[in-house]
Amino acid sequence: MRVCVVGAGAAGLCSARHLLAEPLVSRVDVLEQSSQLGGTWVYTENVGYDDFGLPIHTSMYKSLRTNLPKEVMGFPDFPIKGSEKSYISAKEMLNFLDRYAEKHDVKKCIKYKHHVQMIKPKQTPTGELWDVTYKHLTTGLSTTREYDYVFVCNGHYNTPFIPNIPGLKNFEGEVMHSHDYRVPDVFKDKNVLVIGAGPSGLDIALEITSVCSKVILSHHIKDQLKSTFPSNLEQKPDVVRIEGNAAVFQDGTSEPMDVVFLCTGYLYNFPFLHESCDIVVEDNCVEPLYKHVVNINHPSMCFIGVPYYVCAFSMFDLQVRYFVQSMNGSFQLPSSEQMMQHWEMEKSERLARGYTKRQAHMMGPDQQRYYSSLASEARTKDLPSVITKMRDESSIRFLHKLQTYRMDVYKIIDDDTYEVISDGKRE
Ligand code: FAD
């Protein structure tokens, strides 16, 4: 089996780690467009385009510390160690990924500066194969190579989602997306409207209060936000329109500003998938995927890392083990019709529970059930419940004490229990 892995971020490295351990796999090529492994966790001051004219992939900002404790963030067979703290820097995360790749001898199969341009299925007498065309960025030469399997691991925090806000196009001040945020200095003495209160929006809104005249944080999670904020940060409901240099909010109030700073999230984007791959992305729903992993129309292609609000690296590991078990015959994937039926049922169930199409891959409270369904179908080890429990608790603490939650220290006791040390007290 010859396998192509797109991307050397955490998902791609994890894919290669398990593929290399599989005797039936004869070749693993991890095609990575940049000159480094780590994807999201690579920090660069640069924004816009890189030296080869490709959009800068990473959305990492300089001060970032993880928004989940490291005890939740490692791989099941390779936890993150070496720090007393639970919330660690991007650099520590990157070093961790480097050690992971080293330990599992993954580096030997990474081809850096290889930009995947096109992936196309092709029928052969022995079954379906993949033509993968990639450009070697230093020579400019494109090559097409044949593979039996494709692992899509290109990440989904790099293509900014720009909401359709009336008047935004005519705003005379600066409009910026969090993808391009690196350091707070760019906002010195400005009035900044931050739109969105996801982990990045809240983190950055707080950080820039140190340099801004005023920060207006517009969002719709007010009831859940119990944290206190610095005096130059004011919370507002959703923006309904921009008029001249002011934002008008849902409660009818308006505020003047110099910068509209969009912390509005990202779009799933697979520009290299030829339409014959039969994957459609609409309103951030990637379909049709069985269990958010398998391309139902072409089941020798999988996607690692699509769900969000998850224990990311552990989930990558489980998704990869799941798919590799199907490759080596440990279990058989259902027929395309059955997989499609399952996906349609999942979609209807989600709609009935009030989820929007945009939330098609949101896990959150469904995590443990999702993990168990992958593990039991593939007869592979499930993830321990302790990580989902810690994830749930840390997410609540995040909303309640935004300015201090990163001082909490988590300790795993066993597969099901943990403790938190907060303000020097065991809780
Ligand atoms: P990525 O890390 O994005 O890697 C994808 C790789 O694919 C990149 O190296 C890219 O160069 C490569 N690639 C893309 N297209 C091509 C192509 N055409 N050809 C070749 N190579 C290609 N998660 C947490 O669990 N905890 C956190 O605290 C946390 N903080 C975050 C903070 C920020 C600012 C962001 C943006 C994300 C954060 N995340 C966090 C989510 C994080 O992105 C995931 O945890 C995880 O690292 C994603 O890994 P990935 O391999 O799926 O994607």
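Nothing fancy with the numbering, it's 1 onward along the sequence. Each ligand, and each atom within it, is numbered from 1 in the order the structure gives.
Nearest protein neighbour of atom 51 (O) of ligand 1, counting heavy atoms only, is A11 N, 2.9 Å. Protein heavy atom in closest approach to atom 32 (C) of ligand 1: L64 CD1, 3.5 Å. Counting only heavy atoms of the protein, atom 19 (N) of ligand 1 lies nearest to V116 N, 2.9 Å. Here the heavy atom of the protein found nearest to atom 35 (C) of ligand 1 is T40 CG2, 3.7 Å. The closest protein non-hydrogen atom to atom 36 (C) of ligand 1 is Y157 CB, 3.6 Å. In terms of protein heavy atoms, atom 4 (O) of ligand 1 is closest to G9 CA, 3.5 Å. If you check which protein heavy atom lies closest to atom 12 (C) of ligand 1, you get E32 OE1, 3.3 Å. Of all protein heavy atoms, the one lying nearest to atom 7 (O) of ligand 1 is G7 CA, 3.2 Å.
No salt bridge links D29 with R2; every basic N to acidic carboxylate O contact stays at or beyond 4.0 Å. The existence of a salt bridge linking K389 and E393 is excluded, since no basic side-chain nitrogen approaches an acidic carboxylate oxygen closer than 4.0 Å. Between E92 and K70 no salt bridge is recorded (no basic side-chain N to carboxylate O distance below 4.0 Å). Salt bridge D77/R321: absent, no basic N to carboxylate O contact under 4.0 Å. At a threshold of 4.0 Å, the pair D98-K107 counts as salt-bridged, since one of the basic side-chain nitrogens sits closer than that to a carboxylate oxygen. Salt bridge R99/E102: absent, no basic N to carboxylate O contact under 4.0 Å.
Using a 4.0 Å cut-off to heavy atoms of H115, the atoms of ligand 1 that qualify are 17 (C), 18 (N), 19 (N). Of all the atoms in ligand 1, the ones that sit under 4.0 Å from a non-hydrogen atom of L31 are 20 (C), 21 (N). Contact atoms of ligand 1 toward T66: 28 (O) (distance under 4.0 Å to a heavy atom of the residue). Those atoms of ligand 1 that come under 4.0 Å of a heavy atom in C153, given as number and element, are 5 (C), 6 (C), 7 (O). Of all the atoms in ligand 1, the ones that sit under 4.0 Å from a non-hydrogen atom of F272 are 18 (N). For ligand 1, the atoms sitting less than 4.0 Å from at least one non-hydrogen atom of A312 are 25 (O), 45 (O), numbered in the order shown with element in parentheses. Close contacts of ligand 1 with S59, meaning ligand atoms under 4.0 Å from a residue heavy atom, involve 34 (C), 36 (C). Less than 4.0 angstrom separates some heavy atom of F313 from each of these atoms of ligand 1: 45 (O), 46 (C), 47 (O).
Centroid-to-centroid, the aromatic rings of Y370 and H292 come within less than 6.0 Å. Ring centroid separation for the pair Y405 and Y87 comes in under the 6.0 Å cut-off.
Taking 4.0 Å as the cut-off, M93 does not count as a neighbour of ligand 1 on heavy-atom distance. Look at G305 and you'll find every heavy atom at least 4.0 Å from all atoms of ligand 1.
A donor-acceptor pair under 3.5 Å links the side-chain atoms of N284 to the main chain of Y268, judged by distance alone.
For the pair R358 and F161, the distance from NZ or CZ to the six-membered ring centre is under 6.0 Å and the angle to the ring normal is within 45 degrees.
For atom 25 (O) of ligand 1, the choice among K70, K113, M73, R65 with the nearest heavy atom turns out to be M73. Taking all heavy atoms of R391, H156, Q33 into account, the minimum distance to atom 13 (N) of ligand 1 is reached by Q33.
Side-chain contact, H136 with T138: a donor N or O sits under 3.5 Å from an acceptor N or O. Side chain to side chain, H18 and D317 meet the donor-acceptor criterion of an N or O pair below 3.5 Å.
For ligand 1, one of its N or O atoms has an N or O atom of A10 under 3.5 Å away.
The one candidate from D392, D408, T404 that meets the side chain to side chain donor-acceptor pair (under 3.5 Å) condition with R397 is D408.
When heavy-atom distances to ligand 1 are checked against a 4.0 Å cut-off, W41 comes that close only through its side chain, counted from C-beta outward.
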